[in-house]
Peer 1: 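Have a look at the structure that comes next, please.
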Amino acid sequence: MAATTQAEDLVFGLTRVIDLPGLTAAGGASLSAEDIAAIIGEAERFTRELLWPYAQAADRQGATYENGVVRVPESYRAAYQAWREGGWQGLAAPAELNGVETGGQELPQALWMAVSELVTAGDMAFSLCPLLSAGAIEAIARFASPSQQRAWLPALVSGAWTGTMCLTEPQAGSDLSQVRTRAEPAGEGIYRLTGQKIFITWGEHDLAENTLHLVLARLPDAPPGTRGISLFAAPKRLADGSRNALRCGGIEKKLGIHASPTCVMLFEGAEAELIGEPNRGLNAMFAMMNAARLGVGVEGVAQGARALALAEPFAAERIQGGRPIARHPDVARMLAEMRAITLAGRLLALEAGAALDRARLLGDAAAEARVALLTPVVKAWCTDRGVDCASLGIQVHGGMGFVEETGAAQVLRDARIAPIYEGTNGIQALDLVGRKLLRDGGAAMRGLLAEVAAADPRLGPAVAAMTRATDWMLDRGQTDAAAAEASAAAYLEAAGWTLGGWMLARAAAADARYAPLAGFYLARLLPRAAARLDEIEAADSLLALIPAA
C-alpha cells in the first residue's frame, strides 16, 4: 500500500471507520469530516514544530531537582505556552457546569485521544503533563461540588494549572488498601494532609503557576482497607498565593521519560478539600484512572508510531547489499509488523473513544458496557505492542538503533513504562476476566465477538477460539478463581490480537488502500491470538510453580 502518515490514518479512523461525524450529528453536536481534519492538522503542526525537533535534547537534559526546585527542559516552555494558547487542554473538557463557564470545548473523547496520540509521538515525557491534567478535570467535573468546580476547573481547563494523581506510597504499590496518608479535619470544610506519595508524574515543575494534587488519604474514623479511602484536592499554592504545606522530596532517576519529573511528594499538614463523599475516594479516583488507562493505551500506540516514523526513512536510505534495507524481506516484515500493529492499536483506541462518546452523547448503555470491556484491552494490548514495535524499530536500525544518536533507543526506554502505568497489564487482565467478563456472564464479550465475526470471514477461526476461551474463563472463574487468574493475561492478549484484526478488516472495507496491510495482519499476525489461547487451558502448569503460602 502507499504509505499513509499518522495524521492521515487518524483522520481516516475518525471519519471513515468510527464515523465520528455521524455520531456527533446524532448527539446534536455535529462535527464534520472537514472540522476533524483541520483539528488533526493543527495538532500535527504543533507537534512537528514544537515537540519532535527537541525531544532527544529534552531527554538528554532531563528534569532536574535542586534545593527543592524541579525544572524541566527549556524547550518545554514554548511548547507548553503554545499548548495553552491553542486551547488544547480544554478540547474535550466541559464548556459549562452548574452555570459556570469552564472554558472547555466539549469535543469528543475520540478526537482528544487522536490529538493525544500525535502529542505523545512527538514527545512522550511532555505529553504526560496534559494527560494527568485531563484526568483531574474528569474527576472534578464528575465528583467535586459546584463551588469546587468554580474554583478549579477554569484554571485546569486553560492549562494555567496542572493536575496530578497522588495514589501510591512506598509500602502500598498497587495495593491501595495499604494507603496511610492521613486527613485531619481542620474546620470549615478544610482538612490537613500528612503523608508521603511516590511516583507522582509531573508532581512538581516550573511550567504552570499552580498544581492541583488529587490525593488519596484516610479520615480519622475511616474503616480499614479500600473502603476507608477518601479523595482530597490540595493545591500547591493557596488562594492567597502562599505555598501550601507540601513539597517535592526528590525526583526518580528512570529508565526513560527523563524529561518528565517523577516525584516523591511530601504532605506536611497540607491544606485540602474533600472531593465527593467520605470513604468513597476510590470511586472518584477510578474515574480519573479509567480515563488515564485509555490515555496510556494511546501512549503505546504513539510509541509504535514514533518508532515507525524513525525506522521507515532509515530503512529507505540505508544501503546494504546494493539496495535499501527496506527491500530486504526480513526488514520489510518488521516494518509491516510495526505499521499493521500500530494501525490496529490506533483504530482500537479510537473505537473505545467512540464508545465513550456514544455513552455520553446518546446515553447508550450498551456503549458504556463496550468501553468498560475495551478499556483493559486497549491499555494492556496497545502498551505491550508499543514496546514490541519500539524493539523492532531498534532492530531495523541495526547497530545504529542501539546507540542514542538515532533516537530509536529512546523510544524503547520511554515506551517501557506504559505497561506499568495505571495498573500493570497483569492487573488489566484480572480486571477484564474478574470484573468485565464475569459481571454480565460474558454477554458484552459475546456481542463484541459476533460483530468481529461479521466483519470478515478470515476472523472466524479466531472468534471461534475466543468463544471457547470465554466459555472456559466463565466456567473456571466461578469454580477456580486461581486458574482463571493464571490464564487472564493470555486471554487479554488473544482478545487484543483478535480485535486488532477486526479493526483492520473494517479499515480495508472502508478504503481499499488498507487491504494489503489488513491481509498481512490477518495472515501473519492474527494466528498469535490462537497461540495465546492455547495457553489458557494449561493454567495448572503455572499454578504448580507458585510457592505455597
Side-chain angles (χ1 to χ4, degrees), residues 6-7 42-65 70-91 112-137 156 158-165 199-209 211 251-252 254-263 292 295-307 309-310 383 386 390 404 407 409-418 421-422:
Q6 180 187 16
E42 280 300 303
E44 182 187 37
R45 185 176 64 82
F46 166 80
T47 61
R48 287 292 173 180
E49 292 180 359
L50 294 170
L51 296 179
W52 276 88
Y54 309 108
Q56 283 184 263
D59 178 70
R60 287 192 295 269
Q61 182 179 350
T64 60
Y65 171 82
V70 176
R71 293 185 174 87
V72 296
E74 187 64 30
S75 64
Y76 282 8
R77 295 186 181 280
Y80 192 73
Q81 183 62 29
W83 176 260
R84 284 195 58 190
E85 290 173 355
W88 292 109
Q89 190 65 62
L91 187 79
W112 165 257
M113 291 167 70
V115 170
S116 296
E117 188 198 316
L118 288 164
V119 174
T120 307
D123 187 337
M124 181 169 168
F126 175 89
S127 75
L128 296 171
C129 181
L131 174 69
L132 269 294
S133 293
I137 291 168
L156 285 167
S158 73
W161 293 13
T162 60
T164 73
M165 288 195 302
F199 301 152
I200 309 307
T201 301
W202 283 85
E204 178 68 35
H205 59 88
D206 57 348
L207 287 187
E209 64 193 47
T211 297
I251 61 175
E252 304 295 347
K254 312 184 294 291
L255 174 67
I257 53 169
H258 292 152
S260 169
T262 303
C263 301
V296 172
V298 170
E299 289 174 8
V301 176
Q303 293 314 289
R306 186 175 180 90
L310 295 173
T383 56
E404 293 290 346
Q410 180 188 342
V411 183
L412 182 59
R413 290 189 286 100
D414 288 353
R416 191 58 191 86
I417 186 58
Y421 268 155
E422 306 307 335

Peer 1: According to side chain to side chain donor-acceptor pair (under 3.5 Å), who are the partners of Thr262, at least two apart in sequence or on a separate chain?
Peer 2: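 Result, side chain to side chain donor-acceptor pair (under 3.5 Å) vs Thr262: Lys254.
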
Peer 1: According to side-chain contact (heavy atoms from CB on, under 4.5 Å), who are the partners of Met113, at least two apart in sequence or on a separate chain?
Peer 2: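 In terms of side-chain contact (heavy atoms from CB on, under 4.5 Å), with neighbours along the sequence ignored, Met113 is linked to Leu294, Val298, Ala349.
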
Peer 1: Got a sec: does the OH of Tyr54 have more than 12 other heavy atoms crowding it under 6.0 Å?
Peer 2: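 12 or below, so no.
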
Peer 1: Among residues at least two apart in sequence or on other chains, which ones pass ring-ring contact (aromatic ring centres under 6.0 Å, His included) with Trp202?
Peer 2: His205

Peer 1: Taking Arg413 for the side chain and Gly256 for the main chain, is one N or O donor matched with an acceptor at less than 3.5 Å?
Peer 2: no

Peer 1: In sequence, state the C-alpha distance, the side-chain angles, and the governing distance for Glu422 and Met165, and then conclude on side chain to side chain contact (heavy atoms under 4.5 Å, CB included).
Peer 2: CA-CA 10 Å; Glu422 306 307 335; Met165 288 195 302; 3.0 Å; yes

Peer 1: Apply side chain to side chain contact (heavy atoms under 4.5 Å, CB included) to residues Glu299 and Tyr421 and explain how you reach the verdict.
Peer 2: CA-CA 10 Å; Glu299 289 174 8; Tyr421 268 155; 3.7 Å; yes

Peer 1: Does Tyr80 use its side chain to pair, donor to acceptor, with the backbone of Gly159 at less than 3.5 Å?
Peer 2: yes

Peer 1: Quick one: does Gln89's side chain have a donor or acceptor within less than 3.5 Å of a partner on Pro130's backbone?
Peer 2: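 Yes.
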
Peer 1: Can you name the nearest heavy-atom pair linking Glu204 to Cys263, along with the distance?
Peer 2: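 Minimum heavy-atom separation between Glu204 and Cys263: N-SG, 3.4 Å.
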
Peer 1: Is any side-chain heavy atom of Ile417 less than 4.5 Å from a side-chain heavy atom of Leu255?
Peer 2: no

Peer 1: Identify the heavy atoms of Trp52 and Ala121 that sit nearest to each other, and give their distance.
Peer 2: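 Distance-wise, the nearest heavy atoms are CZ2-O, 3.6 Å.
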
Peer 1: Between Thr47 (side chain) and Glu44 (backbone), is there a donor-acceptor pair under 3.5 Å?
Peer 2: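 Looks like yes, one N/O pair under 3.5 Å.
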
Peer 1: Roughly how far apart are Asp59 CG and Ile257 CD1, rounded to 0.5 Å?
Peer 2: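 Rounded to the nearest 0.5 Å, the CG-CD1 separation comes to 10.0 Å.
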
Peer 1: Return the CZ to CD distance between Arg60 and Gln410, rounded to the nearest 0.5 Å.
Peer 2: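 Reported to 0.5 Å precision, the distance equals 8.5 Å.
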
Peer 1: Rounded to the nearest 0.5 Å, how far apart are CG of Asp123 and OG of Ser260?
Peer 2: 9.5 Å

Peer 1: Got a sec, which residues hit side-chain contact (heavy atoms from CB on, under 4.5 Å) with Leu50, two or more places apart in sequence or on another chain?
Peer 2: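 Leu50 satisfies side-chain contact (heavy atoms from CB on, under 4.5 Å) with Phe46, Ala79, Ala82 once adjacent residues are dropped.
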
Peer 1: Is any side-chain heavy atom of Ser116 less than 4.5 Å from a side-chain heavy atom of Leu131?
Peer 2: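 Ser116 does not reach Leu131 side chain to side chain.
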
Peer 1: Indicate the atoms forming the closest heavy-atom contact of Ala259 with Pro73, along with that distance.
Peer 2: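 In terms of heavy atoms, the two residues are closest at CB-CG, 3.6 Å.
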
Peer 1: Taking Arg71's backbone N and O only, do any of them form a donor-acceptor pair with Asp206's side chain (distance below 3.5 Å, no angle check)?
Peer 2: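 No.
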
Peer 1: Ignoring hydrogens and geometry beyond distance, is a side-chain donor-acceptor pair present between Glu117 and Gln6 at under 3.5 Å?
Peer 2: yes

Peer 1: Which residues satisfy the side-chain contact (heavy atoms from CB on, under 4.5 Å) test with Thr164, sequence neighbours excluded?
Peer 2: Cys166, Ile200, Thr211, His213

Peer 1: Any donor-acceptor pair under 3.5 Å linking the side-chain atoms of Glu85 with those of Gln81?
Peer 2: yes

Peer 1: Between Ala415 and Ala390, which heavy-atom pair has the shortest distance, and what is it?
Peer 2: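 Nearest pair, atom of Ala415 first, then Ala390: CB-CB, 4.4 Å.
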
Peer 1: Please report the closest heavy-atom contact between Arg306 and Ala55, naming both atoms and the distance.
Peer 2: NH2-CB, 3.6 Å

Peer 1: So which atom in Thr383 and which in Ala418 form the shortest heavy-atom distance, rounded to 0.1 Å?
Peer 2: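 Scanning both residues completely, I find the closest heavy atoms to be CG2-CB, 3.5 Å.
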
Peer 1: In the structure I gave you, are the side-chain heavy atoms of Leu207 and Thr162 within less than 4.5 Å of one another anywhere?
Peer 2: no

Peer 1: With Ala43, which residues qualify under side-chain contact (heavy atoms from CB on, under 4.5 Å), at least two apart?
Peer 2: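 Partners of Ala43 under the side-chain contact (heavy atoms from CB on, under 4.5 Å) test: Trp88, Val115, Leu118.
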
Peer 1: Any chance you could lay out the side chain to side chain contact (heavy atoms under 4.5 Å, CB included) test for Phe126 and Val119, step after step, and finish with the verdict?
Peer 2: CA-CA 8 Å; Phe126 175 89; Val119 174; 4.1 Å; yes

